[in-house]
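Both backbone and side-chain heavy atoms feed into the values below; hydrogens, waters and symmetry mates do not.
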Amino acid sequence: MLAPSSANQIGLNCSAPSLNSLLLHLMIITPFQIILQAQDLLAVAVELPLCAPSMASQSEKFGGSQSQNRSTPSRSATAVRMVEDRPVHTSPMSNSTSRQMPSDSYAGPAPTPGVDDSPYIRFAIGQLTRNEEVGSLSRQSSVASSESRVERLVWDEGLGYFVRSSSPERTATTQRPSSQPSSPKPEFRPPQNSVDPESFRPVDPPEDSLLYPSLDFVPMVLRPWALVAIIIFCLLMIAGIGFCNTWSQKHQGFWDYEGLGGGRYFVVQFLPQILAVIITFWTFVIQAAVCRTIPFAIMASERPLGRVLQMLSTLPRNFMLPDLSHFRHGEALVGFSLLTIWLSNLISLPLLSCLFQAKWYVIDGKGMWRWTSVISIGWALIAMYGLLAIGLLLLTLRFANTWSGLMWDPVCLADLISIIQRSNVLRDFEQSETVPDVGETLDPKTLRLGYWQLPNRENIFYGIGEVGAPIGNPSLHRIEKNRERQYQGLSKVSFDLELQTMVGKGDFDEHLFSPAVRYRWVPWFLRGTFVVAWTMTISALFIAFVLVSFINDAIKGGFPPRLPTLPSTGAFSSSNFLYSFIPSLIGNVLFLAWQPIDVYFRALQPFVALSHPDGAQAEQTLLLSYPSRLPFQVTVLALLNKHYKVAWISFMALVSAAMPILAGGVFLAMWYPTHEEIRISALMPAFYALVAFCALYTVSFFAIWPRRCRYLPHDISTLADQISFFYQSPLLADKLLREPRSKADLVTRLVIAPPGDREFPTYGFGIFVGRDGKEHLGIDRFQRPGRADMLITTGSMK
């Protein structure tokens with residue numbers, strides 16, 4: 001540190017007794033007062049102000065570098081200015097130039113009467129508040145450099161503002177190794193209590209490093225070989241239908257008709273729909289993988305799309321109506337692929353049910369019934385499956401060698417924790433857990449998924465972030481001391497949420513504890529009114545169907561077609577088309593209408609387990625991945641996990657496909673000699689099976705009534721919706737979950753007991769104290785050492 005004598009050597013017009021009295025005066029000031037005064041004084045006194053007469057006399061001694069330093073304002077002097085709008089007054093430090101100072105700076109009595117001692121005071125404070133010698137603030141370094149020296153700011157560990165680093169930033173030409181590229185200096189922002197001045201900088205990880213895996217993971221079902229497999233399946237369907245069309249035209253049908261029932265009847269009337277259902281379920285799995293992957297892939301591509309978090313659903317919705325949201329987010333290939341999948345799933349089954357008809361042919365002077373292909377329907381199916389193959393091919397191109405930004409498949413809540421735990425956008429989610437629509441509270445923002453680095457730090461980390469934005473999650477980038485606040489009063493026992501008074505709480509607290517907010521949301525088709533409507537409607541239709549079918553043996557004895565039955569030259573029959581296409585279409589609509597119910601029951605099950613009064617282990621909550629599983633796989637896993645409602649609903653999502661298959665092949669126009677007319681006949685075993693599946697489907701609507709544990713404050717379909725329950729969770733700062741590098745690593749950390757604990761941790765969804773010391777609603781460990789248990793109200797609200 002500079003001594004007072006050195007100050008005289010650089011031109012300070014002051015005496016030793018006055019400076020000694022000044023230092024003596026400052027030594028009796030409490031450290032707290034020094035810091036408070038230094039907060040404002042350091043904004044102006046970054047460089048020691050020099051008296052004009054002395055500067056004039058010493059200008060020859062210091063040369064051009066001194067004049068250059070005096071004429072060019074220091075960058076750090078303006079970058080750390082704490083007060084900008086306060087009244088200022090002019091300090092007479094020079095006859096030629098004047099410096100403005102905040103009016104609330106040090107204004108005590110001058111130690112030396114008649115002499116302006118403010119420059120010495122600022123010099124002494126600057127020396128007392130530094131731990132290391134920074135060098136003279138008024139002269140250049142011995143090494144010539146055209147850059148101004150910028151001193152790094154660091155957090156003051158709880159005082160509420162920033163101070164200078166104890167180790168100054170060294171000059172790149174003398175101190176920084178030449179092998180490392182120079183990091184751009186951060187643009188300092190006015191300091192705030194919860195924002196670090198350093199900003200996120202995107203980086204590429206070291207190649208072939210196990211610590212930094214490549215971010216090109218794509219779910220197995222979206223990999224080229226898997227998509228090529230389903231494309232080949234579609235091409236085989238096209239080839240089979242084309243062969244049937246061509247052979248039927250040239251050879252007057254392709255198979256002799258052997259009556260109602262039998263092996264040939266099954267192959268012609270039921271097998272095509274079964275093959276189509278295989279493609280349909282395959283596309284369901286593809287849609288689920290696309291929806292959960294594409295938001296991350298968009299962020300990894302760094303395209304300027306500002307609403308990926310809050311507008312793109314991670315759950316498939318491409319069932320009854322097409323999902324066109326990907327077109328609005330620059331994913332035309334994905335949007336077109338999903339559109340072709342939706343069209344195929346809606347039309348393929350009904351069209352295949354009326355592809356083949358029995359037609360009367362005269363061959364070699366002998367008349368006979370033969371199975372033939374309906375030419376117009378066959379070419380329509382070829383066009384539809386060709387369009388589906390093109391859509392799947394475009395999807396293959398989209399995900400071939402793509403930079404998805406993912407280390408592994410994000411199928412559960414634990415995967416989301418590993419992606420957002422060091423994000424700098426979490427500050428935007430403040431108090432978002434209780435709003436009805438999280439997306440409306442977030443501003444559009446271009447985000448990136450990948451590896452990041454902070455200026456002046458060597459470690460590289462992974463996650464979602466905004467380029468150039470300051471750290472909004474400081475506790476995960478630095479060591480905090482005494483950050484947790486003590487809290488008491490939350491108890492899972494005898495908490496009457498309905499009768500709790502909200503006196504003295506703010507609006508957010510009122511919403512936090514309000515039952516109307518906590519149990520506000522459930523998918524619109526699972527709300528009580530709609531569930532009652534669906535159940536009554538399906539029950540009424542089923543009862544009417546049974547009555548019409550069995551009264552006076554209306555189905556068994558056949559019924560008039562009411563439409564022309566004679567096939568055309570292309571084998572098209574109006575009555576056969578009507579009684580095959582319409583029943584299959586109705587069954588297909590019922591089948592597709594059940595899929596959203598299945599999707600949401602799968603997605604909501606982790607929150608059901610988290611809402612248990614005592615919480616649940618990670619396997620039942622954070623690691624649960626039902627939405628990404630195959631239909632039959634979900635049923636088996638749910639039974640093993642004792643999630644019986646999910647198992648039943650998933651089972652019905654699978655077996656309800658039998659309705660369009662049976663309904664499309666059960667009816668056929670036949671000649672009844674006893675009545676001497678053509679009547680619509682039914683294959684009775686298949687018809688009885690159809691009635692049984694319809695009864696099962698109707699009864700299942702009584703099981704979809706959602707209990708209170710399935711109600712949440714808002715939707716969970718987007719990434720923003722899910723992040724709103726994590727943004728203040730201590731799980732993000734949990735050392736046990738810090739930066740896993742593989743899915744196996746993450747699972748291992750969650751299923752083992754933490755160090756020092758004998759019991760496995762449980763997790764819950766309720767009210768907890770977040771990392772900011774305030775109460776929040778979301779997901780955290782049910783118990784933490786030194787804290788009260790999480791408040792989960794679902795158990796007391798049954």
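Across F200 and E466, no two heavy atoms sit closer than the pair CB-O, 3.8 Å. In terms of heavy-atom proximity, L737 sits nearest to R749 at C-NH1, 3.5 Å. Across all their heavy atoms, A603 and L315 have their closest contact at CB-CD1, 3.8 Å.
Ion pairing of D443 with R307 is absent here, as no side-chain N (NZ or NE/NH1/NH2) approaches a carboxylate O to less than 4.0 Å. The residues D734 and R738 are annotated as not salt-bridged, no charged nitrogen and carboxylate oxygen being separated by less than 4.0 angstrom. Ionic pairing of E430 and K774 is not present here: no N-O contact between side-chain nitrogen and carboxylate oxygen is shorter than 4.0 angstrom. A salt bridge is defined here as a Lys NZ or Arg NE, NH1 or NH2 lying under 4.0 Å from an Asp or Glu carboxylate O, and K445 with D428 meets this definition.
Using modelled atom types, one side-chain atom of R303 and one backbone atom of G330 make a donor-acceptor pair closer than 3.5 Å. Judged by distance alone, the side chain of R771 and the main-chain N or O of Y727 form a donor-acceptor pair under 3.5 Å. Judged purely by atom type and a 3.5 angstrom limit, T293 has no side-chain atom pairing as donor or acceptor with the backbone of V290. Within the 3.5 Å criterion, the main-chain N or O of V608 finds no donor-acceptor partner in the side chain of H612. Judged by distance alone, the side chain of W403 and the main-chain N or O of S301 form no donor-acceptor pair under 3.5 Å.
Residues Y451 and Y212 bring their aromatic ring centres within 6.0 Å. Taking the six-membered ring wherever Trp is involved, the centroid distance between the rings of F782 and Y763 does not fall below 6.0 Å. The aromatic ring centroids of F284 and F319 lie less than 6.0 Å from each other.
Other residues, nucleotides and ligands contribute more than 12 heavy atoms inside 6.0 Å of the CG atom of D437. Within a 6.0 Å sphere centred on CG of N459, heavy atoms belonging to other residues, nucleotides or ligands number more than 12.
Within the 4.5 Å cutoff, the side chain of F726 has no heavy atoms near those of the L426 side chain.
Here the NE2 atom belonging to H326 is positioned 12.5 Å from the CG atom belonging to L339, to the nearest 0.5 angstrom.
D745 and T748 share no donor-acceptor pair across their side chains, judged by distance under 3.5 Å alone.
The aromatic rings of Y600 and W521 are tilted relative to each other, their planes meeting at an angle between 30° and 60°.
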Let me see the working for H776 and D780 under side chain to side chain donor-acceptor pair (under 3.5 Å), right down to the final yes or no. CA-CA 10 Å; H776 291 274; D780 188 25; over 6 Å; no
